[in-house]
Amino acid sequence: QKPPPLPLEKWSVRLPHYFHENRSDETDWQKVAAIIAMLRRLCIISGPPGTGKTTTAAKIIALLIDVHAPHSLRFAICAPTGKAAARLGEALSAAAASLDSMSAVRSRFPTEASTIHRLLGYRNRRFIFNATNPLPADVVVVDEASMIDLALMAHLIAAVPPEARLIILGDHHQLSSVEAGAVLGDICQGTTPGLH
């Protein structure tokens, strides 16, 4: 589903503040990802290490906060393992500190990440948050998605509110899941670099 339209005049004016003008002839795929995140409820960003996936996500988060101000957005930031969640939290904290942005954006910027199991409230072999009890979130960001197996991804997607934005990060060429199903790899299979 498409999200409710954001005021184009507002986010298009704020976009260059986070994604500076590219003077080369090459497409700025980070900016393209931000535009997709503004226009769609689902944005998947895949690329090898060092391509700026987390930095792009941080800028998208800041842009969303900026565009929705003065209203606050609820963020859910997660990764499949504790180590990956800790790395994501550290990366977002560093990105937030380096953002040339308004203090209001920095003060609302989410820097804590959890595991998917913790986010969904795993108790007694069940998840507290599910399709009938969705996450209290407006934006859900998932990192290291290549490590997520089919069953866990199904639980996560079921718990994402229909009106929320979902931003998925990962490298579909590495760190495949231990359990059955390589969801990110299947989604990206047969694609070429670019916009899909």
Side-chain angles (χ1 to χ4, degrees), residues 1-79 87-113 135-145 157 160-172 184 187-188 191-196:
Q1 293 180 342
K2 291 183 181 180
L6 290 172
L8 176 62
E9 66 279 2
K10 187 172 183 180
W11 71 259
S12 61
V13 166
R14 299 305 299 159
L15 185 69
H17 187 73
Y18 299 97
F19 296 88
H20 303 298
E21 199 62 42
N22 185 359
R23 300 194 181 278
S24 72
D25 290 336
E26 294 182 15
T27 302
D28 185 345
W29 292 113
Q30 293 184 353
K31 185 184 285 187
V32 171
I35 292 169
I36 291 172
M38 294 294 112
L39 297 175
R40 297 282 186 266
R41 291 194 195 278
L42 174 64
C43 179
I44 299 173
I45 302 173
S46 178
T51 51
K53 296 184 296 293
T54 307
T55 301
T56 302
K59 290 179 179 182
I60 291 171
I61 289 169
L63 181 59
L64 285 167
I65 293 170
D66 194 348
V67 170
H68 283 86
H71 303 291
S72 294
L73 291 174
R74 300 166 300 168
F75 289 90
I77 314 291
C78 64
R87 279 199 312 264
L88 177 58
E90 290 167 5
L92 288 177
S93 294
S98 68
L99 280 174
D100 179 22
S101 183
M102 300 177 297
S103 59
V105 171
R106 283 197 300 269
S107 67
R108 293 178 180 179
F109 197 93
T111 55
E112 289 189 18
L135 287 163
D138 302 302
V139 181
V140 178
V141 180
V142 187
D143 196 14
E144 299 290 4
I157 299 300
V160 174
E163 67 277 5
R165 279 182 167 79
L166 176 61
I167 300 170
I168 297 176
L169 313 172
D171 179 359
H172 67 280
L184 185 64
I187 292 171
C188 298
T191 61
T192 55
L195 173 62
H196 302 284

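Heavy atoms only: backbone and side chains are in, while hydrogens, waters and symmetry mates are out.
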Using only atom types and a distance under 3.5 Å, with no angle test, would you say the side chain of [X] pairs donor to acceptor with the backbone of [Y]?
| X | Y | answer |
| --- | --- | --- |
| K53 | S46 | no |
| R106 | A62 | no |
| E112 | I77 | no |
| R108 | L73 | no |

Residues which pass side-chain contact (heavy atoms from CB on, under 4.5 Å) with [X], listed by chain and number, not counting sequence neighbours:
| X | answer |
| --- | --- |
| A57 | L169 |
| S12 | L8 |
| A91 | T54 |
| P136 | R74, F129 |

Return the minimal non-hydrogen interatomic distance between [X] and [Y], and the atom names on each side.
| X | Y | result |
| --- | --- | --- |
| G47 | D171 | O-CB, 3.2 Å |
| L88 | C78 | CD2-O, 3.6 Å |
| A95 | A58 | CB-CB, 3.4 Å |
| A164 | A137 | CB-O, 3.6 Å |

field: T27 vs V32, side-chain contact (heavy atoms from CB on, under 4.5 Å): CA-CA, chis, key distance, verdict
entry: CA-CA 8 Å; T27 302; V32 171; 3.9 Å; yes
Straight-line distance of [X] [atom1] to [Y] [atom2], nearest 0.5 Å:
| X | Y | atom1 | atom2 | value |
| --- | --- | --- | --- | --- |
| H17 | R14 | NE2 | CZ | 5.0 Å |
| R41 | E163 | CZ | CD | 7.0 Å |
| E90 | T111 | CD | OG1 | 11.0 Å |
| T56 | W29 | OG1 | CH2 | 13.0 Å |
| K31 | F19 | NZ | CZ | 8.5 Å |
| L64 | W11 | CG | CH2 | 10.5 Å |

Below 4.5 Å, heavy atoms only, C-beta onward: do [X] and [Y] meet side chain to side chain?
| X | Y | value |
| --- | --- | --- |
| D138 | R165 | no |
| V141 | L92 | no |
| V140 | I167 | no |
| P110 | I61 | yes |
| I44 | L166 | no |
| F75 | I65 | yes |

message: Could you walk me through whether I45 and I60 satisfy the side-chain contact (heavy atoms from CB on, under 4.5 Å) test, starting with their C-alpha distance in whole Å, then the side-chain angles of each, then the deciding distance to 0.1 Å, before giving a yes or no?
response: CA-CA 12 Å; I45 302 173; I60 291 171; 4.1 Å; yes
- request: State plainly whether the residues E144 and R87 are in salt-bridge range, i.e. N to O under 4.0 Å.
  value: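 Yes, this pair counts.
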